[in-house]
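Working notes for the structure below.
Positions are given from 1, in the same order as the sequence printed here. These numbers come from a predicted model, not from an experiment.
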Amino acid sequence: MEIHTLSWREALAMYRDIRMMRILLIGTLSGLPQVAVLSMMTLWLQESGFSRTDIGLFGLVLVVYAINVAWAPIVDAVRLPGLARWLGPRRSWIVAMQTVIVVCLAALSRLEPDGQLEWIAVWAVVLAAAGATQDVAIDALRIEQFREDEPRKVGGGSAMATSGWWIGYGLGGGLALWLVEQLQEAGVEQAWQQGYLWLILLVGVLVGLFLWLVPEPDRPRQVTKRTVSWGLHLVKMYVHPVRSFVVRYGAQLAVFLLLAIFLFKVGEAFLGRMSLVFYTEIGFSKSDIALYSKGYGAVAIAVFAVLGSLINARYGLLRGIIIGGVAMALTNLLFALLAWYPSSGLFVVAVIADQFTTAISTVAFVAFLSQLCDRNWTATQYAALASLGTLSRTLLAAGSGILIDGLGGDWPLFFVITTLMVIPSLLLIAMNRRRLAPFMEGRSVSRMGEG
């Protein structure tokens with residue numbers, strides 16, 4: 001079991017490290033693509049007359065985030081011609097994918113859901129694929145900032161990544177929704193399309209800051225070296241990361257870990273997929289959502305992510321993920337209360353409480369996955385673990401609209417059900433806490449036993 005704790009002052013001191021600010025910036029780049037294919041697309045489709053079930057199923061475009069492990073070894077090992085020599089392996093992949101994202105945003109700005117939904121879906125999938133690919137490089141860039149014997153700073157880096165993601169997703173989405181509503185009130189046609197063009201400007205600014213402020217990290221030699229046979233090299237790219245994970249933890253614990261990761265965020269995903277639909281159904285406008293959910297919420301989660309990392313630093317990553325999971329589940333009940341008594345005051349309380357627990361749970365989850373990774377195969381292993389969590393959130397949460405429709409629009413019962421969904425994952429982690437504790441403290445272990 002983990003027994004060493006830090007004082008709050010010692011935990012806070014880790015944020016003096018310049019690497020934390022770099023991670024905050026790259027986290028912002030990670031959050032922006034989902035503004036286009038999640039927040040904006042959801043309300044755009046709702047205004048165009050599509051049903052809750054349709055909107056929930058459209059979220060399947062995000063399934064590429066769950067399968068990016070299929071090409072993660074390529075991002076891990078392949079250097080992009082020309083760009084890699086100029087920018088470095090990790091940064092070159094990020095810039096290349098941001099370029100694809102800009103092209104997709106430009107394409108979406110010329111389409112209408114009525115009659116062109118198929119093309120919107122195509123460009124949304126391409127945009128999501130680019131975002132998922134850049135996330136492989138971004139997560140590797142983040143994790144490689146720290147050594148394996150710096151688990152406390154891994155938690156701090158996870159907090160900065162979470163804060164950055166929500167700054168990109170929350171504030172970027174909030175400003176976009178606010179702009180769309182202002183344009184609609186001014187009688188401007190194609191207001192949603194103008195919102196997508198605004199995102200292109202934001203992407204350009206962030207990419208410029210990224211290139212200026214974030215250097216390329218050093219990588220382990222065995223990842224970057226070439227082999228004589230490219231066929232053998234490709235096999236190694238896929239086989240070695242898997243073998244490393246299984247050897248390190250043993251088959252039984254590896255399976256338990258994968259199952260716990262798969263189930264951890266399901267309830268949160270069900271809530272998140274239908275949250276914007278829920279807000280509008282109980283009477284809140286796009287401006288309300290932009291201000292309370294995206295604006296206040298994004299600021300809240302950015303701040304609370306730091307608090308979440310301090311909890312992890314003081315009490316350890318293992319206790320942190322259990323605390324975060326319980327808190328994340330319980331705040332779903334506030335939305336059940338909001339369904340019964342919709343008011344601006346309760347809306348703010350529910351959103352901020354949800355962002356508080358989302359920050360704690362997400363930081364703990366990201367840090368937990370990061371610390372599980374072998375630094376020799378950072379991009380591939382993290383992508384594989386994160387993909388499992390994303391797969392459950394994408395595939396299972398795609399049925400969130402079907403669930404609420406099946407419940408006859410009973411939002412309180414819907415939120416109670418989402419509260420219970422985290423229990424299996426927490427039980428798996430708690431049952432294996434003794435075997436996980438040594439690694440979560442950053443001790444050097446080649447393989448943890450089965451017993």
Side-chain angles (χ1 to χ4, degrees), residues 34 37-63 66 113-114 117 120-121 124 173 177 262-290 292-294 297 325-355 357-358 361 390-425:
Q34 293 198 36
V37 294
L38 193 58
S39 292
M40 293 181 67
M41 194 69 69
T42 294
L43 291 181
W44 194 15
L45 293 178
Q46 185 184 36
E47 283 193 358
S48 300
F50 291 87
S51 69
R52 290 176 298 209
T53 296
D54 292 334
I55 294 169
L57 292 174
F58 196 87
L60 286 172
V61 300
L62 295 176
V63 75
D114 294 332
L117 185 62
I120 287 178
L177 291 179
F262 181 77
L263 296 173
F264 187 75
K265 288 277 192 174
V266 174
E268 180 188 75
F270 265 71
L271 184 152
R273 191 72 193 101
M274 284 291 110
S275 61
L276 296 182
V277 175
F278 168 64
Y279 298 152
T280 57
E281 285 194 9
I282 62 175
F284 293 103
S285 68
K286 287 190 288 294
S287 291
D288 293 330
I289 296 170
Y292 299 131
S293 179
K294 303 300 180 186
V326 171
M328 171 184 67
L330 290 178
T331 50
N332 285 17
L333 297 177
L334 280 174
F335 289 91
L337 185 61
L338 181 61
W340 278 319
Y341 306 104
S343 69
S344 296
L346 186 55
F347 186 20
V348 173
V349 171
V351 166
I352 291 180
D354 179 59
Q355 304 298 48
T357 58
T358 295
S361 63
T390 304
L391 183 65
S392 65
R393 295 200 302 273
T394 304
L395 291 183
L396 299 182
S400 56
I402 298 173
L403 176 59
I404 185 62
D405 283 341
L407 294 173
D410 189 339
W411 287 106
L413 180 57
F414 173 82
F415 292 125
V416 169
I417 292 173
T418 64
T419 300
L420 302 176
M421 289 180 177
V422 75
I423 292 175
S425 178

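- Of all heavy-atom pairs between Phe50 and Pro113, the closest is CE1-CB, 4.0 Å.
- Annotation: the span from Ser51 atom OG to Asp405 atom CG amounts to 6.5 Å, rounded to 0.5 Å.
- Annotation for Leu334 and Val349: closest pair CD1-O, 4.4 Å, computed over non-hydrogen atoms.
- For the pair Gly325 and Val422, the tightest heavy-atom approach, listed with the atom from each and the gap, is O-CG1, 3.9 Å.
- Minimum heavy-atom separation, Thr331 to Met328: OG1-O, 3.1 Å.
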Discussion item. Would Thr357 and Leu330 count as a side-chain contact (heavy atoms from CB on, under 4.5 Å) here? Give the steps.
Written reply: CA-CA 9 Å; Thr357 58; Leu330 290 178; over 6 Å; no
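- We find the OG1-CG distance between Thr280 and Leu43 to be 6.5 Å, quoted to the nearest 0.5 Å.
- To the nearest 0.5 Å, atom CD1 of residue Ile404 and atom CZ of residue Phe278 are 9.0 Å apart.
- When all heavy atoms of Asn332 and Thr419 are compared, the pair lying nearest together is CB-OG1, 3.3 Å.
- Rounding to the nearest 0.5 Å gives a distance of 10.0 Å between CG of Leu45 and CG of Asp114.
- The distance from the CG atom of Leu333 to the OG1 atom of Thr418 is 7.5 Å, given to the nearest 0.5 Å.
- The CZ atom of Phe415 sits 11.0 Å away from atom CG of Leu337, with the distance rounded to the nearest 0.5 Å.
- The aromatic ring centroids of Phe347 and Tyr279 lie less than 6.0 Å from each other.
- Looking at every heavy atom in both residues, Met41 comes nearest to Ala124 through CE-CB, 4.4 Å.
- Taking the six-membered ring where tryptophan is involved, the planes of Phe414 and Trp411 are perpendicular, since the angle between them exceeds 60° and thus also 30°.
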